[in-house]
Amino acid sequence: SYNSVASFICMKYRSIQNKKKRGLIFMLSSCNGATKAEVVQIVAKYDDKISNLLPILQEVQRKSSHNFIPKETAFEVANAVGVPVVKVSSVISFFTALSYEPRGENVIKICKSTACLVNGYKTLQDMLEEKLEIAVGETTADGLFSLEFTECIGACDVSPAIRINETVYGDLTNNKLNSIIDSFRD
């Protein structure tokens, strides 16, 4: 059944992550994506389902318990939209906003565009890794934050910049960055 397959995948993922030396992702008590009924309900909101695949997947991902789209949920989306699962998989794989892997409640994306490179994204990366006690590509043990790189987020005028979920932050100093991170912990 769907739930037993999802549980197996989550158990396997926990096992792999527990073997990592740093950045234990987090202990997943439940590792679920949108239910079949939720997928059908989300897809029904869109008239032209194929051209709206990206917003459908974004909404489906927001329903996930760990900010990702389990492969079983991708199959459900493909069935509901009426496209081959490879089409859904290619969209999930292409867009960095979507993920097949469980992530933290808040995804911090460090912009690594040319403007951010010139203006010191590496210093920003070092500050975040120190503050969160994880490296890029990892998730905090409490599951609150994941840290990732991304291409340009359109904030070159305030670079280096980060995006946390859907909000962009720029002109970052160590104090400002600490304040932003602490606001998500409150």
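Cluster annotation: V77 is connected to F95 through the hydrophobic network of ILVMFWY side chains, with a link wherever side-chain heavy atoms come within less than 4.5 Å. M127 and V107 are members of different hydrophobic clusters when ILVMFWY side chains are connected at heavy-atom separations under 4.5 Å. Criterion: ILVMFWY side-chain heavy atoms under 4.5 Å apart, direct or through other members. Under it, V39 and I50 are part of a common hydrophobic cluster. I153 and L117 fall into different hydrophobic clusters, where Ile, Leu, Val, Met, Phe, Trp and Tyr side chains are chained together by heavy-atom contacts under 4.5 Å. Both F94 and V83 belong to a single network of hydrophobic side chains, linked directly or stepwise wherever heavy atoms of I, L, V, M, F, W or Y lie under 4.5 Å apart.
For V136 against E129, the heavy-atom pair with the smallest separation is N-OE2, 3.1 Å. In this structure, N119 and P160 approach most closely via the heavy-atom pair O-CD, 3.2 Å. Minimum interatomic distance between S159 and A115 (heavy atoms only, all atoms of both residues): OG-O, 3.4 Å. Of all heavy-atom pairs between E59 and I42, the closest is OE2-CG1, 3.7 Å. When every heavy atom of A74 is checked against every heavy atom of I92, the shortest pair comes out as CB-CD1, 4.0 Å. Of all heavy-atom pairs between G104 and N67, the closest is O-ND2, 3.2 Å.
When the shell of 6.0 Å around NZ of K131 is examined, it contains more than 12 heavy atoms from other residues, nucleotides or ligands. Few gaps surround OH on Y169; more than 12 heavy atoms of other groups in view lie less than 6.0 Å from it. At most 12 heavy atoms of other shown residues, nucleotides or ligands fall within 6.0 angstrom of atom CG in D47.
Panel note: side chain R163, backbone N165; a donor-acceptor pair is recorded below 3.5 Å. Side chain of Q61 to backbone of A97: a donor-acceptor contact under 3.5 angstrom is found.
With hydrogens and angles left out, the side-chain atoms of T140 and D142 include a donor and acceptor closer than 3.5 Å.
The NZ atom of K36 sits 12.0 Å away from the OG1 atom of T73 when rounded to the nearest 0.5 Å. Within the model, atoms OG1 of T35 and CD of E38 stand 3.5 Å from one another, a figure rounded to the nearest 0.5 Å. For the atom pair SG (C116) and CG (L172), the distance works out to 9.5 Å, reported to the nearest 0.5 Å. The distance from the CG atom of N106 to the CG atom of L147 is 12.0 Å, given to the nearest 0.5 Å. Atom CD of E151 sits about 10.5 Å away from atom NZ of K109, to the nearest 0.5 Å. From Y121, atom OH reaches atom CG of L128 across 12.5 Å, with rounding to the nearest 0.5 Å.
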Task: Pair I69-V88, side chain to side chain contact (heavy atoms under 4.5 Å, CB included): steps then yes or no - done: CA-CA 11 Å; I69 300 172; V88 173; over 6 Å; no

Open item on the list: The test is side chain to side chain contact (heavy atoms under 4.5 Å, CB included); show your working for Y46 and S51 and say whether it passes.
Closed with: CA-CA 9 Å; Y46 295 89; S51 65; over 6 Å; no

Open item on the list: Set out, in order, the CA-CA distance, both residues' side-chain angles and the distance that settles side chain to side chain contact (heavy atoms under 4.5 Å, CB included) for L54 and V91, then state yes or no.
Closed with: CA-CA 7 Å; L54 180 58; V91 172; 4.2 Å; yes

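Residues Q125 and F149 are in side-chain contact: their nearest non-hydrogen atoms beyond the backbone lie under 4.5 Å apart. In this structure, the side chains of L53 and K87 come closer than 4.5 Å at one or more pairs of heavy atoms. Within the 4.5 Å cutoff, the side chain of F145 has heavy atoms near those of the R185 side chain.
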